[in-house]
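I have placed the structure first, in the form of structure tokens, so that the comments after it can refer back to it.
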Amino acid sequence: MSTSTAEGRLLRYVDALQEAFAQEMARDESVFLFGLDVDDHKSIQGSTRGLLQEFGPERVFTTPLSEDAMTGMAIGAAMAGMRPIHVHIRMDFLLLCMNQLVNIAAKAHSMYGGSVKVPLVVRSMVGKSWGQGAQHSQALHSLFMHIPGLKIVAPSNAHDAKGCMIAAIRDDNPVLVMEHRLLYGTEAYVPEAPFEVRPGRARVVGPGDDITVVAISNMVPECLRARDLVAEVGISAEVIDPVWLQPLDIDSLLASARRTRRLLVADNAWLPCGASAEIIAAVLERAGPDAGIMVRRIGFAPVTCPPSPPLEAAFYPNPGTVASAIHAMVRPAAPAWQPDPERTRLSYQSSFCGPF
Amino acid sequence: MSTSTAEGRLLRYVDALQEAFAQEMARDESVFLFGLDVDDHKSIQGSTRGLLQEFGPERVFTTPLSEDAMTGMAIGAAMAGMRPIHVHIRMDFLLLCMNQLVNIAAKAHSMYGGSVKVPLVVRSMVGKSWGQGAQHSQALHSLFMHIPGLKIVAPSNAHDAKGCMIAAIRDDNPVLVMEHRLLYGTEAYVPEAPFEVRPGRARVVGPGDDITVVAISNMVPECLRARDLVAEVGISAEVIDPVWLQPLDIDSLLASARRTRRLLVADNAWLPCGASAEIIAAVLERAGPDAGIMVRRIGFAPVTCPPSPPLEAAFYPNPGTVASAIHAMVRPAAPAWQPDPERTRLSYQSSFCGPF
Amino acid sequence: MNPENRGDSDTQTIVRLYRRMRLIRHLEEEIARVYPTDKIKSPIHLSIGQEFIAVGVCDVLTAKDRVSITYRGHAAYVAKGGDLRALVAEMYGKRTGCAKGRGGSMHLIDMDAGVIGASAVVGTNIPVAVGFALAAKRQRSGQVTVCFLGDGATEEGCFAESLNFAALHKLPILFVCENNGYAIHEPLSKRWATDRLVERVATYGIPADRISDGSLTTVRARAAEAITAMRAGAGPAFLEVLCYRWQEHVGPNRDYDQGYRSADELAPWKADDQVARLADRIEPALRARIDAEIRVQVAEAFTFAEASPFPEPEELYEHVYS
Amino acid sequence: MNPENRGDSDTQTIVRLYRRMRLIRHLEEEIARVYPTDKIKSPIHLSIGQEFIAVGVCDVLTAKDRVSITYRGHAAYVAKGGDLRALVAEMYGKRTGCAKGRGGSMHLIDMDAGVIGASAVVGTNIPVAVGFALAAKRQRSGQVTVCFLGDGATEEGCFAESLNFAALHKLPILFVCENNGYAIHEPLSKRWATDRLVERVATYGIPADRISDGSLTTVRARAAEAITAMRAGAGPAFLEVLCYRWQEHVGPNRDYDQGYRSADELAPWKADDQVARLADRIEPALRARIDAEIRVQVAEAFTFAEASPFPEPEELYEHVYS
Ligand SMILES: Cc1ncc(C[n+]2csc(CCOP(=O)(O)OP(=O)(O)O)c2C)c(N)n1
Ligand SMILES: Cc1ncc(C[n+]2csc(CCOP(=O)(O)OP(=O)(O)O)c2C)c(N)n1
Ligand SMILES: [Mg+2]
Ligand SMILES: [Mg+2]
């Protein structure tokens, strides 16, 4: 927090989130934050640290285990002019409140002819590793991308965690923020003053010429690592973070893919009807049949997430499998290639350790 | 019901469904059917007609309005060796039981290491027209296609309604059957004896050479009508019904698209992260960059479904808009073309009339 | 002097209530009459026979207070002062509708009148109403929220969740369960293990009452008590009001020939029709004048709806995001 | 003659119960001891201090009966006779685990022993258990189902929905709420409007009892009554059992230094530890022998787990569809 630069201080993702809440709650009385455990001593891994003390129990409160009604409650409060932030410690739990999110939050503005707004933020975290297993590991953004009326953002670094969260809080529509458990400890330079990373612009996080790799959420750092790995064998990969998934900045993805003529989408989720399918379909629909863009998706294996370590390792894409996929696309004639397994081991795999 | 041929009798979709239940319930004691209103005098538009009388209230029963628990209940009964069929009169209501469907039904076999099975059938109907509006009109199949462990089928005609339903009932996995309200009155030849239309094979419902039109659910008859319309201007469209959406017979769709080099997917749903995105991404991933296949999606407008008639008409694709899209893809250089609006009016639009 | 303002306040109240009751009854009869013409292309759920609940409850609310209604919500919408013309226009799918043709009969709203919307997914409005109550409490606005719901809605999990939360936070919300004994064609006996609903609600520490005499006066009195306590900070309250749906579940007709219920069930309710009961207490000339005014008012709303333009197809893309 | 079979049936019962209690306690202590080695890469929720509930209830069940458990389910799994080695192997993620390494600590299952699974999404097991009870009733198998749930789970809508349905259909299911006063770190006071849970459950026509003496004997007696009635066709029953979680919510440690609760809360529960209470009633030599046997049994389960192979990565694709 001391290393201040023109672009801000080095801050952890989780602290950037906390700063976004603290600043927005101070700015706007109508913002309140609630959900299971937001007010306990662990304060959602620290992301809600100090908020109870600063803003009091009317604006920072836990709830009964009633995700469905609590979502409806937040929607009602939002329609009545407040700006609720609802926190879920796992994205899997959103399945309990799909009705309110899809049938009311997404639709209220429209089905009431514009006479109400739903400025609601729903925070949810994707769990990964350490045996999270079947029901604590899902990344379900595509379910929400399917529904008009919702916005979805998946910040992949501390800078965006703050900027996107502030944009989400200020947005007059329901915004789902997909956070990722493994990103919480990652650091980036983050401006101290409030700022917004608004919907509409994907970001090139690593330039390149041979292939476009669109990486979502935690796949961004993993794909950057893959980019380093393939660079060692002379492949130049461009890694793009869409940041906002709805609305999606297809133009930027298309421009890159047109140039590299290869498009790999690495999602932090299952593939069928996923964000990766959407990106590929949307890019190719616009690119036309003569663009000659090779496409591929990489993501969760098409199975339920297993907790057993070797199965879990096989379930997730990683820098090594991404690098292999890049290599296969860029040099289809060459024999299959895998980077040195030692080099593909991610730093978080040694630093993150159970139980939750 | 008298017009018997080698392939069966002309039967309405709704009666074909009813026949499937009657035959399977007679064959297998473990099958039971439940859900709101299955036992009333309207018997879900007739699709459960006579079942209460034939099989009694232990095997045919209504429930409280508790979609979430009723789904869990069905899952438990299935794990205990029964074969429940759960009926929802609108697909929108599945949003109330997503947790059970996704977190338990889809995962139980896997997360319990194969020690249980969930032979559950979930019937749900897509509502359309007559002001069904925001919450009674959704087709949410893509949400379920995203989740490993579920199967999804969308019969588009009476023959498949019976054959797919029987296959679903006999399947040892949870199967979601997406029915369509507007298909209920349509007739087809249906064998009298029980038969299965199993997962795995798409069906060419209208052959053609210039373009491949993949049509889902109620879009099948609408695309066949579009096929007739474009035939009048010399375009030969192949219409393919995937029938089962999970597993999806990509091979057949790919083979057709490779041949026609044009792929239009017409879905009965929103496009982003939809079945249409999946089909396009999967086909192009396999076809490779040199296949030169032009792709396009058509489906619900990216808005909440409005009940007002002119807005509702603009919300849905129809034979006219499909025909225009086909024309634009096959003759990109030609000026935009629209079939005579009189000819595009669908027969059901005059025959179906409110309130529900 | 306006004859409605003549006499004691009791008479004024009766006249006011009669006006509301008659307006709703006549409106719904007109909807039923027009429906077969197919001008209203939206599923209609009439509340004929049940109006006394909405009218009794809304009569003790202020304009600033709010009501959350169901798809069977014409009565509460009108009773709370929702714009009549906008209601009919909405059913016609017109641009002048209360939801600009995007709601239809099942999603009525009039934020200016405190009608905060309706859901076609049963029970879904309950927690949303709780959220309005939370906001009112936090904003210290003094507004109370009334949440109408059917007997079927009490079977949805969110009902229990909402009660617990509303009680925990002592929110200013009155839940009103319109128990008409049916969910579509399914009677309570197939859906409720027992009928001890108010007892159950009371275990949350929520004062809960069952009104079984079908009387507008009783409903109004109990609602008044609850709302008064609430304005003094008492937290949520609950009323279960027994009633009867005279028409079919959805659509304009009667359905006693369908076998799931008999006209005998209707008879006592009809005999005690609260519209007629109030009518009996009003001087015939005044009544005739009111009836005539209401006929005009309703006819005018239909004329307005008919004359209003449909939205243009291009407007489809409006109001998705704000 | 086996000394455990000597003496009156009361003694036999005490020994049997002690064996179960000690086995569970020792197992969980071993899990806690091993956990810091990172060999168990799965979130563990220990039930140390709460074992008396599972042991008391399961003691009155037959092998054919079923229990639905929670992610805090080691005790009930073992009490119902679930395979010990398969449990430990599952926590290790081994192929020999009760779910072949696909469940982890939060999804224990042993269908042969009547352990029908656990969900990591709170409350989700409740309706599933009801479905097993429905199946048993329809199949006329005579099996009863016990559904364990936490106090937090009662706040989920599906709990109310499930009670209503189970009561409506008179299903043979005993709901057992292990009320340890906390959901993670949140006390009841922040989650329950009142603590009148059993009263609420009773409004469904379900006999409901609260056990607050922390006694295994009481739990067993009440469960026995309920199950006996159920076998005679009485329909569902409900027990709320007050208890206390000695360890942190998830993980192997104590957490009285974290500020959300004080060790004073623990003191009375510890003083009345039901494992020690039973131990006191058993002759020391026999007790020592049992303890030794249990140590061997548990050690053997860990050895088995350690020695078992991990699944091969290729096995990932198994068991998606059946
Ligand atoms: C969640 C849900 N389930 C089922 C339906 C279908 N449905 C529409 S109205 C209705 C009956 C609701 O009964 P009740 O709450 O008593 O209200 P009433 O119609 O009697 O006024 C049902 C089951 C629905 N709209 N939403
Ligand atoms: C639906 C859902 N919401 C939240 C969580 C996070 N969570 C895990 S355990 C737990 C506490 C549950 O409390 P209780 O039911 O009392 O069981 P206990 O842990 O005390 O045994 C919570 C909130 C979850 N797993 N599932
Ligand atoms: Mg009703
Ligand atoms: Mg607890």
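Note: hydrogens, waters and symmetry copies are ignored here, and every other heavy atom, side chains too, is used. Letters A, B, ... are given to chains in the order of the sequence lines, protein chains preceding strands, and every chain is numbered from 1.
Counting heavy atoms from C-beta on, the side chains of A:Q138 and B:N103 come closer than 4.5 Å. Side-chain atoms of B:L143 and A:L140, non-hydrogen and from C-beta on, never get closer than 4.5 Å to each other. Side chains of A:M111 and B:Q135 form a contact here, defined as non-hydrogen atoms less than 4.5 Å apart. Under the 4.5 Å side-chain criterion, counting only non-hydrogen atoms from C-beta, B:V102 is not in contact with A:D92. A:L94 is not listed as a side-chain neighbour of B:M98, based on a closest heavy-atom distance of 4.5 Å or more.
Annotation: maximal heavy-atom pairing with chain A below 4.5 Å, among B:A277, B:C305, B:P289, occurs at B:P289. Contact count against chain B (heavy-atom pairs under 4.5 Å) is highest for A:A134 among A:G113, A:A134, A:P307. By number of non-hydrogen pairs under 4.5 angstrom with chain B, the leading residue of A:E67, A:R261, A:H109, A:M294 is A:M294. Residue with the most contacts toward chain A among B:M145, B:Q246, B:E285: B:E285 (heavy-atom pairs, distance under 4.5 Å).
Contacts of A:L271 with chain B are made by backbone atoms alone, with heavy-atom separations under 4.5 Å and no side-chain atom involved. Using a 4.5 Å cut-off between heavy atoms, B:I293 touches chain A through its backbone atoms (N, CA, C, O) alone. Residue B:R262 does not touch chain A at all, counting heavy-atom pairs closer than 4.5 Å. For a residue to count as touching a neighbouring chain, one of its non-hydrogen atoms must lie under 4.5 Å from one of that chain's; by this rule A:A291 does not touch chain B. Looking at A:R297, the atoms closer than 4.5 Å to chain B (heavy atoms on both sides) sit in the backbone and in the side chain alike. Interface residue A:P302: only backbone heavy atoms are found under 4.5 Å from chain B. When heavy atoms are compared at a cutoff of 4.5 Å, B:V303 approaches chain A solely by way of its backbone atoms N, CA, C and O.
Rounding to the nearest 0.5 angstrom, the gap separating the CG atom in B:L95 from the CG atom in A:L95 is 10.5 Å. Between B:C273 atom SG and A:L245 atom CG the span is 8.5 Å, to the nearest 0.5 Å. Atom-to-atom distance recorded for B:Q100:CD and A:L96:CG is 8.5 Å, nearest 0.5 angstrom.
The shortest heavy-atom contact between B:S110 and A:T304 is OG-CB, 3.3 Å. Closest of all the heavy-atom pairs between A:P272 and B:E278 is CA-OE1, 3.0 Å. Across all their heavy atoms, B:W270 and A:K107 have their closest contact at CH2-NZ, 4.0 Å.
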